[in-house]
Every structure is written in structure tokens, then in C-alpha cells.
Amino acid sequence: MKYISKERINNESNVTVDYAFQDINDIPGVLPEGRTKPWGTGQAVLAAKDVLTTPFIVINADDYYGKEGFRAVHEYLVNGGQSCMAGFVLKNTLSDNGGVTRGICKMDAENNLTEVVETKNIIKTTEGAEADGMKLDIDSLVSMNMWGLTPDFLKTLEEGFKEFFEKEVPANPLKAEYLIPTFIGELLSEGKISVKALRTNDTWYGMTYKEDVAAVKESFSKMLENGTYKGDLFSDL
């Protein structure tokens, strides 16, 4: 059984946080013998389905996304939008210390997402960026796994998990993962979902390489100095 608990950040901000714990046994089937690997981001979101009663945002907990993406997704959802994704500009997501993998977005004329092309080993160059010798448009949008979704999506996600267990798990019982980007990509290819790509110009930060740590620390220090954030993050709530 998954376990959900509540915690109030502090009395002044009055922010309540629900914790939903992903359980490897919370599955639509029998746990394969020897399986220790978690089931992926799709199951992680399903672990919180009982408390997700309003539109919500899904992010990677170990990445920094900036304010603009959150604002864009929030505005889209509160104004009646159903599914969206914050699209980060490729040049704002690259590392100075080596190659990275990014999902390069393809959109239609109305900025609806049509495909996310996983592209590996993208490196910075003097002219911009390239992957395996092919030049890339550094102003193109990439997915960094910031999704805006609604409770209705959870029903689709749950049905997809059952299908995943029937088709994918038998072929790879110890390592198969139910990943939200992969699942949404399948829905897009089948025309079963519409996802709006919302451009954000914020710089994304992650620590792909240990050498990235110093640059990330410096960037966060500058954000405090210029007032982007306060030392006490919740003091202005």
C-alpha cells in the first residue's frame, strides 16, 4: 500500500505538503521475482492520485526550472487548459562540461506538441550545439519533464499502466519502467492527447557532471543577490 502523509512547511506561510510514497508492490499484477527497481515516473504520479483533485504540475525533483515555466503552466491550467508542457530553449539547458540528452520538441502551427525526439550527446560548440556531428538549432524547444496535467489524465495513466504490465513487463521484468514522457509520446502518436508547448526562457539547471556543481552554486548565489529569490523562500507568501 502507498502511504500518504501531510506536513505544514511553517505556520506563517500556511503551506501544506502531501507526501505520497511510491510502493514497488502497488501494481496491477504480481511483482516479478528479483525486481528491486522502482516502476518509473508514471507509477510515481499514480501513487499520488488520491490527493490530485485539481490540475497539477509534474517535475523532476532534482532539477531547477525557474519561475517562468511554473507561471506559464499555472496560467494555462487555471484558464481551462487540459495538458501542456513547458518548453525550454535548448541553449539554456546545455552543460559546459560534456554532452547531454534532451527531448527536442516538434510542434504544429498552433504550438501543439506533435513529437519529442530524444537526442543524445548534445554538446556545446563555438557555433552553438551539435549531436554526433549534426548541427542543432539552439533556439529550438526541448522537454525537461515539466508537464501540466489534470485529474482526468490520471485515468488514462492508470489504464496505460495496466497495458504496460501486460505487454512490457513480461519482456523485461527486472528493468522495464513506466515513464510519463514515453507514455505521452505514445498518446501523441495515436492522436489521443493534445499537449500545448509553452515556451519559457528560464535557464534550466541540473548537475549532470560533478563539474556543474560550482556553476550551479554561483548561479543560485546571483539569484539571491539580484532579488530573484529571498534567503527565506517562503517569506513572501
Side-chain angles (χ1 to χ4, degrees), residues 40-46 48-49 52-61 63-94 100-120 122 128-131 134-164 167-168 177-206:
T41 51
Q43 194 223 11
V45 172
L46 287 174
K49 67 179 181 180
L52 293 174
T53 58
T54 62
F56 57 94
I57 297 176
V58 178
I59 62 170
N60 293 338
D63 292 339
Y64 170 82
Y65 292 93
K67 290 185 176 182
E68 187 179 323
F70 282 102
R71 287 196 182 105
V73 174
H74 172 267
E75 289 302 310
Y76 184 78
L77 292 175
V78 299
N79 285 298
Q82 294 298 303
S83 303
C84 64
M85 179 210 72
F88 287 76
V89 182
L90 175 59
K91 63 185 177 184
N92 294 334
T93 72
L94 300 177
V100 296
T101 297
R102 297 288 180 258
I104 297 179
C105 300
K106 293 185 178 181
M107 291 93 67
D108 64 18
E110 297 179 346
N111 288 330
N112 293 308
L113 192 64
T114 58
E115 186 181 4
V116 178
V117 181
E118 184 176 278
T119 307
K120 299 180 180 180
I122 302 175
E130 65 176 43
M134 181 179 68
K135 292 183 179 180
L136 300 175
D137 179 4
I138 58 174
D139 291 315
S140 59
L141 298 187
V142 297
S143 169
M144 302 306 296
N145 287 331
M146 176 183 269
W147 305 94
L149 303 165
T150 66
D152 284 342
F153 176 79
L154 296 174
K155 301 172 186 175
T156 305
L157 188 65
E158 192 164 28
E159 288 301 314
F161 194 33
K162 294 176 183 177
E163 186 173 342
F164 162 83
K167 297 182 178 180
E168 302 294 332
E177 289 185 274
Y178 187 50
L179 304 175
I180 285 182
T182 301
F183 180 60
I184 289 180
E186 292 172 354
L187 294 177
L188 286 171
S189 66
E190 297 168 2
K192 294 181 178 179
I193 193 173
S194 177
V195 178
K196 186 71 70 175
L198 307 174
R199 180 188 176 100
T200 173
N201 293 301
D202 274 330
T203 298
W204 172 94
Y205 292 108

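Remember, it's a predicted structure, so these values are computed and weren't measured experimentally. When reading the values below, keep in mind they use all heavy atoms of this one structure, side chains included, and skip hydrogens, waters and symmetry mates.
Of all heavy-atom pairs spanning D139 and K91, the tightest one is OD1-NZ, 3.1 Å. Minimum heavy-atom separation, Y178 to F161: OH-N, 3.0 Å. Closest heavy-atom contact between F183 and T156: CZ-O, 3.4 Å. The minimum heavy-atom distance between V116 and S143, with the atom names listed, is CG1-CB, 4.3 Å. Heavy-atom minimum distance, S83 versus S194: CB-O, 3.4 Å. For the pair I122 and A131, the tightest heavy-atom approach, listed with the atom from each and the gap, is CG1-CB, 4.1 Å.
Inter-residue side-chain proximity for V58 and T41 is flagged as unmet; no heavy-atom pair is nearer than 4.5 Å. Inter-residue side-chain proximity for V100 and T93 is flagged as unmet; no heavy-atom pair is nearer than 4.5 Å. Using a 4.5 Å heavy-atom threshold, the side chains of L52 and V45 count as touching. Taking the side chain as every heavy atom from C-beta outward, V195 and N112 never approach each other to under 4.5 Å. Inter-residue side-chain proximity for I180 and N145 is flagged as unmet; no heavy-atom pair is nearer than 4.5 Å. Side-chain contact between T119 and R102 is absent, with no heavy-atom pair separated by less than 4.5 Å. In this structure, the side chains of T114 and L188 stay at 4.5 Å or more apart for every pair of heavy atoms. Side-chain contact check for V73 versus P55: every heavy-atom pair is 4.5 Å or farther apart.
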**Q.** Worked verdict on W204 versus N92 for side-chain contact (heavy atoms from CB on, under 4.5 Å)
**A.** CA-CA 6 Å; W204 172 94; N92 294 334; 5.9 Å; no

**Q.** Evaluation steps, side-chain contact (heavy atoms from CB on, under 4.5 Å), between F164 and T182
**A.** CA-CA 11 Å; F164 162 83; T182 301; over 6 Å; no

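For the atom pair T150 OG1 and F56 CZ, the distance stands at 7.0 Å (nearest 0.5 Å). From I184, atom CD1 reaches atom CG of L179 across 11.0 Å, with rounding to the nearest 0.5 Å. Taking CD from E68 and CZ from R199, the interatomic distance works out to 9.0 Å, rounded to the nearest 0.5 Å. With rounding to the nearest 0.5 angstrom, the CG atom of D202 is 6.0 Å from the OH atom of Y64. Taking CD from E177 and CD from E168, the interatomic distance works out to 12.0 Å, rounded to the nearest 0.5 Å.
For R71, the side chain to side chain donor-acceptor pair (under 3.5 Å) criterion is met by no residue, not counting sequence neighbours. By the side chain to side chain donor-acceptor pair (under 3.5 Å) test, N60 is found to be paired with D63, residues two or more places apart in sequence or in another chain being considered.
Tested against L141, the residues L90, T200, V89 include a single side chain to side chain contact (heavy atoms under 4.5 Å, CB included) partner, V89.
The aromatic rings of Y65 and F70 sit perpendicular to each other, their planes meeting at more than 60°, with 30° as the lower class boundary.
Among residue pairs with one or both ends in residues 110-120, those qualifying as salt bridge (charged side-chain N to carboxylate O under 4.0 Å, His left out) are K106-E115; sequence neighbours excluded.
Residue E163 places its CD atom among 12 or fewer non-hydrogen atoms of other residues, nucleotides or ligands, all under 6.0 Å distant.
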